[in-house]
There are 2 protein chains.
Amino acid sequence: MAKNCNFIEKLRELGLRPTKQRVKICEALFNREKTFHFTINDLVKMISQEMNEKISLATVYNTVHAFEKKGYLKQISINSDKSYFDTNTSAHHHFYDEDTNELIDCNENDIDSINVKKNITGKKISSVEVLVRVASDNQTQKKFN
Amino acid sequence: MAKNCNFIEKLRELGLRPTKQRVKICEALFNREKTFHFTINDLVKMISQEMNEKISLATVYNTVHAFEKKGYLKQISINSDKSYFDTNTSAHHHFYDEDTNELIDCNENDIDSINVKKNITGKKISSVEVLVRVASDNQTQKKFN
DNA sequence: CAACAGTTTAGAATTATTATAATGTATATT
DNA sequence: AATATACATTATAATAATTCTAAACTGTTG
Ligand SMILES: [Mn+2]
Ligand SMILES: [Mn+2]
Ligand SMILES: [Zn+2]
Ligand SMILES: [Zn+2]
């Protein structure tokens, strides 16, 4: 979804009615230079605090899932309870900082391409994703006595 | 946690009191040949239906998390709403069958070892996990007209 | 300008998870 | 051995996350 422009037209092209809720959500998500990661709660806060708008939580869920289905958002697997979404929809891997709960994108050349040798009969690979968990160096120090 | 034996002793060694709830949960999880993947709900059903025992849902959560913290269970990241646990605590990768919602372990040699070139300053890698999503071959066929 | 057929929103319901008050257990003290 | 005390554990109650669905909206047709 292109930056900084006519979301009304874009939404129509996707077969979604350009309601004011959806346009607001588009502005929050796509009107920026860089892609980013967010939770539904992050997004609701952004909309209510920064944009000073009230959209029902259920509507935010609806819209985010609609955008995901259309391929404009990706859902990212992290343990924990949090479900992250990603405005970077290209195939890419992630670092997850366990201290700060922050997701960081990997570049093309941060990780060599994955070689999957096994294949499951009758099944096709639909994605291969790596999650690298990182934590502060002094985290897992064991005691010596 | 060793198969088919004295869970009471094992639990004591871990510093956990061998309550009847915990022993039951051990039996459900560790008294078997192969490792497996389960959700909290799977486990509650196993206990209530197959073992004909009633343990409060909160206690199952408590116990599973206690075992996880002690390193006898691992939590697995899958999108969706489901949180899976794994009795296979060795470092290993997974296939996820999107049709059946089934998790399948990768063997050592199903995927070449991952080469992470980037590193985040002040952070240490605590795990590197690959998730290979698979789906039925005829799933994502696009229409041609 | 109705009437109708979707679509979309958002409050209500459900499901998942966690906090905590009540209960149980081990150990120390008599 | 009985009782007191501290701590561990359970499970109900509270909260948080997600989905269901009835009401509101919008676009189309006659
Ligand atoms: Mn989804
Ligand atoms: Mn946990
Ligand atoms: Zn990303
Ligand atoms: Zn596994």
Side-chain angles (χ1 to χ4, degrees), chain A residues 7-29 37-48 51-70 72-85 101, chain B residues 7-29 37-48 51-70 72-85 101:
Chain A
F7 292 119
I8 293 178
E9 208 38 58
K10 286 283 172 198
L11 283 165
R12 280 221 186 81
E13 282 168 24
L14 296 179
L16 297 172
R17 285 191 191 154
T19 62
K20 84 179 169 32
Q21 291 90 338
R22 282 172 176 166
V23 172
K24 271 284 168 231
I25 291 171
C26 279
E27 284 169 3
L29 293 179
H37 306 107
F38 65 95
T39 66
I40 295 281
N41 255 321
D42 295 340
L43 181 52
V44 169
K45 264 184 208 149
M46 283 166 52
I47 291 165
S48 75
M51 308 181 79
N52 212 47
E53 199 84 10
K54 153 83 186 168
I55 301 178
S56 143
L57 185 54
T59 299
V60 176
Y61 272 95
N62 286 339
T63 304
V64 164
H65 282 141
F67 291 172
E68 183 201 8
K69 199 176 311 179
K70 297 286 180 183
Y72 289 92
L73 289 175
K74 255 187 9 172
Q75 201 165 5
I76 306 294
S77 347
I78 302 294
N79 272 355
S80 107
D81 339 293
K82 284 188 181 171
S83 185
Y84 289 86
F85 288 85
N101 279 23
Chain B
F7 293 119
I8 293 178
E9 208 38 59
K10 286 283 171 198
L11 284 164
R12 279 219 187 81
E13 283 167 25
L14 295 180
L16 298 172
R17 285 191 192 155
T19 63
K20 82 177 170 31
Q21 290 91 340
R22 281 172 177 166
V23 171
K24 271 285 167 229
I25 291 172
C26 279
E27 285 170 2
L29 292 180
H37 307 105
F38 65 95
T39 66
I40 295 281
N41 255 321
D42 295 340
L43 181 53
V44 168
K45 266 184 206 151
M46 284 167 50
I47 292 165
S48 75
M51 310 181 78
N52 212 47
E53 198 86 10
K54 154 80 185 170
I55 302 178
S56 143
L57 184 55
T59 300
V60 177
Y61 272 96
N62 286 340
T63 304
V64 164
H65 282 140
F67 291 171
E68 184 201 7
K69 200 177 308 179
K70 297 288 180 181
Y72 289 93
L73 289 175
K74 255 186 13 174
Q75 201 165 4
I76 306 294
S77 349
I78 302 295
N79 272 354
S80 106
D81 340 293
K82 284 189 182 172
S83 185
Y84 288 87
F85 289 87
N101 278 23

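Below, chains carry the letters A, B, ... as their sequence lines are ordered, and counting in each starts from 1. All values reported here derive from a predicted model rather than from experimental measurement.
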Taking the side chain of [X] as heavy atoms from C-beta outward, which of [options] is closest to it?
X       : options                : answer
B:Arg22 : D:dT10, D:dT19, D:dA11 : D:dT10
A:Arg17 : D:dT9, C:dT7, C:dT18   : C:dT7
A:Asn41 : C:dA16, C:dT9, D:dA17  : D:dA17
B:Gln21 : C:dT9, C:dT8, D:dT10   : D:dT10
A:Leu57 : C:dT17, C:dT8, D:dT18  : D:dT18
A:Tyr61 : D:dA11, C:dT8, D:dT18  : D:dT18

Quiz item: Between C:dT9 and A:Ser56, is there an OP1 or OP2 to side-chain N/O distance shorter than 4.0 Å?
Solution: no
Nearest-Å distance, [atom1] ([X]) to [atom2] ([N])?
X       : N      : atom1 : atom2 : answer
A:Ile55 : C:dG11 : CD1   : P     : 13 Å
B:Lys82 : C:dT15 : NZ    : P     : 14 Å
B:Lys69 : D:dT9  : NZ    : P     : 11 Å
A:Glu68 : D:dT19 : CD    : P     : 10 Å
B:Leu43 : C:dA16 : CG    : P     : 14 Å
A:Ile25 : C:dT8  : CD1   : P     : 12 Å
A:His65 : D:dA17 : NE2   : C1'   : 11 Å
A:Ile47 : C:dA10 : CD1   : P     : 11 Å

Quiz item: So, A:Thr59 and A:Asn62: side-chain donor and acceptor under 3.5 Å apart, yes or no?
Solution: no
Identify all side-chain donor-acceptor contacts of residues 15-22 of chain A below 3.5 Å with residues at least two apart in sequence or on another chain.
residue : atom : partner : partner atom : Å
A:Thr19 : OG1  : A:Arg22 : N            : 3.3
A:Arg22 : NH1  : A:Arg17 : O            : 3.1

Quiz item: Heavy atoms under 4.0 Å, any strand shown: does B:Thr19 hit a base, just sugar-phosphate, or nothing?
Solution: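 Since only primed, P, OP1 and OP2 atoms lie under 4.0 Å of B:Thr19, the category is sugar-phosphate.
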Quiz item: At under 4.0 Å between heavy atoms, what does B:Ile40 touch on the DNA or RNA strands: base, sugar-phosphate, or nothing?
Solution: nothing
Self-check item: A:Lys24 (side chain) donor-acceptor with A:Glu53 (main chain) under 3.5 angstrom
Solution: no
Practice problem: Look only at the side chain of B:Lys82 and the backbone of B:Thr39, and say whether a donor-acceptor pair between them is shorter than 3.5 Å. | Solution: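 No, because the side chain of B:Lys82 does not come within donor-acceptor range (under 3.5 Å) of the backbone of B:Thr39.
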Quiz prompt | Euclidean distance, B:Asp42 CG relative to B:Met46 CE, rounded to 0.5 Å | solution =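 Between B:Met46 CE and B:Asp42 CG, I get 8.0 Å after rounding to 0.5 Å.
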Quiz prompt | Closest-nucleotide ordering on DNA chain D, the 5'-leading residue of A:Asn62 and A:Arg12 | solution = A:Asn62
